[in-house]
Amino acid sequence: MRVCVVGGGGREHALAHVLGRSCEVVVTPGNAGIVGSTPVPAEEIAADLYVIGPEAPLVEGLADKLRARGKLVFGPGADGARLEGSKGWMKQLLVSAGVPTAAHGTFSEAAQALKFLDTLGDLFVIKTDGLAAGKGVLVTEDRAEADAAVRDYISGEAFGDAGRRVVIEEGLSGPELSLLALCDGNRAVCLAPAQDFKRVGEGDVGPNTGGMGAYSPVPQAPLSLVEEVMERAVLPTLAELQKRGIDYRGVLYAGLMLTTEGVKVLEYNVRFGDPEAQVVLPRLHNDLAEMLAQAAAGQLCVEPLYSDDAAVTVVCAAQGYPGSARVGDAIQGIEAANASEGVTVFCAGVASAPVAVGAPHKQPDSFAEGDKSLALRGGGLVTAGGRVLSVTGQGPSLAAARERAYGGVAQIDWPGRYFRGDIAWAGISDNLERSA
């Protein structure tokens, strides 16, 4: 089977890595660290299956365009992608489906939005209605900061048109959980739970990012909790989509809060999470291509099976992220990290460095070889974005996986490199408390 993966980040590298176990993989546009990358648009690539990674092309209707040409596509059409393309629409659908979520309101006028803030408690959540690359969320206890965010969003000053409508929610407290389900339009099966880390700073401080790390499995998410989420959230949502005539074939990613009142849905995304994909997919025993093809064809019949190993991924970011990131710095140590036991480096914000005249150039013979030989492509890699790399460690326990992940991180360097040092520590601490 030949699979075309659409996108160019760490999630798409993880997809290509796992799909490459059984298939030929081409990635568009990919990046300089992903073997099999091409600038050729998906519409011009011949493949047996198309897997669309990021949310933007889904919202823009790429899946619809490919299906109109008779292609097998894993990813919802533009109608289903509204779950992520409009947070206000998503909240309205949750209410219609009876799915537990935070109290909220959607506004396009600042005066009404500020008045709604008066009805909330001491924790405020301000979100852009539209797509903002994972950065359009403010969580604060500072009312003045919340007021300023509302004005900046609605004026367009902060996020352009994406923020001219805002969703304001009551703040919830409790552990967060990410649950990804594969859907074929009628049926849904749950992948292994993961927990990600959105704040840029250790101890969950600072602004929200696209994600600074993740781990799986999650001690706070036993099978009973997964079943509860499927019954109370995912399946009712899929039924509501069907009721509205939406044939949803793709990932339904539930961002959850485990509150004292029970599980509540913070939001839905319509694609594999990044960095959750980097810990969930490598643990999968099944043939991923077979599963995604079944879902795309509306005939999902395989149950996911997972390794007993744990996985931890740590995002290495460029200086300045999540603001204006410094780029162009040479990256050292990727090959050494990849050569370490249980470590895989997934590339995101990278580009090829110029090749010196007369310098040798090695072209990998296969995806499997190239995936472990990233630094040999071109003249090496340089930073080219905010989230540069995800370093994933796998091991027989969460502690072992974490040690391997941070061991890989320690071998990689560039000026201004930044990463959180507390990824997965809470999960390990929880395990220790349970066994004490």
Side-chain angles (χ1 to χ4, degrees), residues 1-31 33-38 40 42 45-54 63 66 70-75 180-184 187-192 194 216 249-251 271-311 313 338 341-347 363-374 377 390 392-394:
M1 181 186 293
R2 191 169 198 248
V3 182
C4 175
V5 175
V6 179
R11 164 186 48 232
E12 287 73 39
H13 195 170
L15 280 164
H17 176 78
V18 178
L19 288 165
R21 295 172 181 171
S22 62
C23 298
E24 177 190 355
V25 182
V26 59
V27 187
T28 177
N31 65 54
I34 306 177
V35 175
S37 294
T38 176
V40 177
I45 294 173
D48 302 298
L49 173 67
Y50 298 78
V51 180
I52 303 174
L66 291 169
K71 307 297 185 181
L72 189 63
V73 184
F74 182 81
L180 289 74
L182 305 183
C183 304
D184 70 357
R187 183 170 180 258
V189 298
C190 188
L191 299 180
S216 176
R249 302 186 186 190
V251 175
R271 34 68 186 187
F272 288 101
D274 185 345
E276 291 93 341
Q278 289 91 304
V279 293
V280 172
L281 296 180
R283 297 183 58 228
L284 190 66
H285 268 318
N286 308 70
D287 183 331
L288 178 62
E290 179 186 17
M291 292 187 69
L292 300 189
Q294 287 181 2
Q299 299 173 346
L300 183 57
C301 58
V302 176
E303 291 291 336
L305 299 173
Y306 280 89
S307 163
D308 290 333
D309 281 358
T313 197
N338 262 330
E341 182 181 2
V343 176
T344 306
V345 180
F346 298 115
C347 293
Q363 185 63 35
D365 296 326
S366 67
F367 186 90
E369 177 197 349
D371 209 33
K372 288 289 184 179
S373 307
L374 304 177
R377 306 185 69 215
S390 296
T392 298
Q394 289 181 259

Are [X] and [Y] close enough that some pair of their side-chain heavy atoms sits under 4.5 Å apart?
X      : Y      : answer
Val280 : Phe272 : no
Thr344 : Pro282 : no
Thr28  : Val5   : no

[X] side chain to [Y] main-chain N or O, any donor-acceptor pair under 3.5 Å?
X      : Y      : result
Glu12  : Gly9   : yes
Ser22  : Asp287 : no
Thr313 : Pro275 : no
Gln294 : Leu292 : no
Asn286 : Leu288 : no
Arg249 : Gly75  : no
Asp48  : Val3   : no

How close do [X] and [Y] get, heavy atom to heavy atom, and via which atoms?
X      : Y      : answer
Leu182 : Val251 : CD2-CG2, 3.9 Å
Leu49  : Ala289 : CD2-O, 3.9 Å
Ser216 : Val279 : CB-CG2, 4.0 Å
Gly7   : Val27  : O-CG1, 3.4 Å

Inset, instruction - Could you pull out all residues at least two apart from Arg2 that satisfy salt bridge (charged side-chain N to carboxylate O under 4.0 Å, His left out)? - result: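 Here the qualifying residues are Glu24.
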
Inset, instruction - Check step by step if side chain to side chain contact (heavy atoms under 4.5 Å, CB included) holds for Ile52 and Phe74. - result: CA-CA 7 Å; Ile52 303 174; Phe74 182 81; over 6 Å; no

Working to the nearest 0.5 angstrom, can you tell me the gap between [X] [atom1] and [Y] [atom2]?
X      : Y      : atom1 : atom2 : result
Tyr50  : Leu72  : OH    : CG    : 10.0 Å
Arg11  : Arg271 : CZ    : CZ    : 5.0 Å
Ser390 : Asp274 : OG    : CG    : 6.0 Å
Gln278 : Arg283 : CD    : CZ    : 14.5 Å
Met291 : Cys301 : CE    : SG    : 9.5 Å

Cut-off 3.5 Å, no hydrogens considered: what does the side-chain donor-acceptor table look like for residues 302-309, sequence neighbours left out?
| from | atom 1 | to | atom 2 | distance (Å) |
| --- | --- | --- | --- | --- |
| Glu303 | OE2 | Arg187 | NH2 | 2.4 |
| Tyr306 | OH | Ala192 | N | 3.3 |
| Ser307 | OG | Asp309 | N | 2.9 |

Inset, instruction - Applying side-chain contact (heavy atoms from CB on, under 4.5 Å) between Ile45 and each of Val6, Leu66, Thr38, report the one that passes. - result: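 Only one option passes, and that is Thr38.
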
